Number of protein chains: 2
Amino acid sequence: MSASDKEIREGLMEAMGRITSFWGFSKIMGQLYGLLYLSSNPLTLDEMADSLSISKGNVSINVRALERWNMVKTVWVKGDRKDYYEAETDFWKIVKGVLREREKKEFDLALNSVSNLLKKSAEAQKANKTAETAFAIERLKKLEDFIQTMDKLAGVLMTLEDLKRNFLGLAKKK
Amino acid sequence: MSASDKEIREGLMEAMGRITSFWGFSKIMGQLYGLLYLSSNPLTLDEMADSLSISKGNVSINVRALERWNMVKTVWVKGDRKDYYEAETDFWKIVKGVLREREKKEFDLALNSVSNLLKKSAEAQKANKTAETAFAIERLKKLEDFIQTMDKLAGVLMTLEDLKRNFLGLAKKK
DNA sequence: TCCTATGTTTAGAAAGTTCTAAACGTTCGC
DNA sequence: GCGAACGTTTAGAACTTTCTAAACATAGGA
């Protein structure tokens, strides 16, 4: 690996660190992913720990997290007891998975909370009609409607293969 | 305000706290927003500090952050020196703004980094052809393409008014 | 059955974030 | 101008997160 390759690798590690950090993953997850992404051969825990100058325990935990999000795959190298890892390079697959497991769940939770509050408000109003309660109901309905729409939107985004075409079509038209 | 109204208000504050926290804002921003969203009249710093049992300084900082993201508006009450605040209730406007200022910027940054790395790789290859460099170029190109698509997608999402219609149409069709 | 090479867990250190109380600066009524 | 009523800033406390080094567990080869 030439000096310049090293520079490039480090540049990507830094960029990926920033990205994952921004999206609520750990920075080290990004750096590990960047490292693996530019590696033409799978790497071991020790190699990664060495490359990033962090402890093996830290690598272990973060690589497992990356695996959990399907951003990294384990590779078996015959005749070697070590575990080897390589990057999942299908970004659409990754995005789809994250969207499903994380954002979708969060929308559902929010929707649930608000719907429950609405139910409570309706009951409160039945027992005792006040302007305050009427106001709350109105606002909560609006919020519920919004979250429902966002939820549907997330659902649509999960069919990303199609979207790659559709969206770009839309974008050009503008 | 009845006992139940208080319950509802607190429920929404909790839910909003979770949501904003998930999306990378502070939890208190969410709680403040929830409080204002269910308030039929604008509130002052002290009222908010009191409702959330947090210091006025903390409210000051977080309300300013909410203002920065256009989630809260200042209201002038004639004859009162205090500042009053109320929630922006147009969620689409909020989302659009956040998307533009935050996610879009992050995509642009990522795109920039990767493009730069690609340029560097190309130069490295000119000077010294290696399999490693060729591999890096290939992967970086793929990544650049992906980020570009995501970037365009974010651009499309910013025309959310239209999307509310288009998307839901798509979603139903499925 | 040991011993060694390996991945995982953990306890506490280090770093980072967020909160409060108090000091500060500003504005307005007098 | 002076004092009171504000909003803002800040220094440090409290809390949270992340990291490391070391202990631990496991599995394979001798």
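All values below come from the heavy atoms of this structure, side chains included, with hydrogens, waters and symmetry mates left out. No experiment lies behind these values; they were computed from the predicted model shown. Lettering of chains follows the sequences in order, A, B, ..., and the numbering in each one begins at 1.
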To the nearest Å, how far apart are [X] [atom1] and [N] [atom2]?
X: A:Asp46; N: D:dT20; atom1: CG; atom2: C1'; result: 15 Å
X: B:Leu43; N: D:dG7; atom1: CG; atom2: P; result: 12 Å
X: A:Tyr84; N: C:dA5; atom1: OH; atom2: C1'; result: 12 Å
X: A:Asp83; N: D:dG28; atom1: CG; atom2: C1'; result: 14 Å
X: B:Ile28; N: D:dA14; atom1: CD1; atom2: C1'; result: 14 Å
X: A:Lys78; N: D:dG28; atom1: NZ; atom2: P; result: 17 Å
X: A:Asn58; N: C:dT9; atom1: CG; atom2: P; result: 14 Å
X: B:Asp80; N: D:dC6; atom1: CG; atom2: P; result: 7 Å

Hey, is the side chain of B:Lys82 pairing donor to acceptor with the base of D:dG7 inside 3.5 Å? no
Is it the case that C:dT6 (base atoms only) and A:Arg81 (side chain only) share a donor and an acceptor within less than 3.5 Å, ignoring hydrogens and angles?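 Answer is no: no donor-acceptor pair is held.
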Which of these nucleotides, D:dT8, C:dG7, D:dA21, is closest to any side-chain atom of A:Leu45?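 Looking only at heavy atoms from C-beta outward on A:Leu45, the closest nucleotide is C:dG7.
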Which nucleotide in D:dT20, C:dG7, D:dT8 has an atom nearest any side-chain atom of B:Ser60: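 The listed nucleotide nearest to B:Ser60's side chain is D:dT8.
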Pairing of A:Arg18 and B:Glu106 as salt bridge, 4.0 angstrom limit: yes
Parallel, tilted or perpendicular for A:Phe91 and A:Tyr37, by the 30°/60° rule?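 Tilted, since the angle between the ring planes falls between 30° and 60°.
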Which part of the nucleic acid, if any, lies within contact of A:Ser53, taking any heavy atom under 4.0 Å across all strands shown: a base, the sugar-phosphate backbone alone, or nothing? sugar-phosphate
Please work out if A:Lys56 contacts a base, only the sugar-phosphate, or nothing of the nucleic acid, heavy-atom cut-off 4.0 Å. base
For the side chain of [X] and the backbone of [Y], is there at least one donor-acceptor N/O pair under 3.5 Å apart?
X: B:Ser39; Y: B:Pro42; result: no
X: A:Lys120; Y: B:Ile8; result: no
X: B:Thr20; Y: B:Ser26; result: yes

Can you work out whether A:Ile61 or B:Arg64 has the more 5'-proximal nearest nucleotide on DNA chain D? B:Arg64
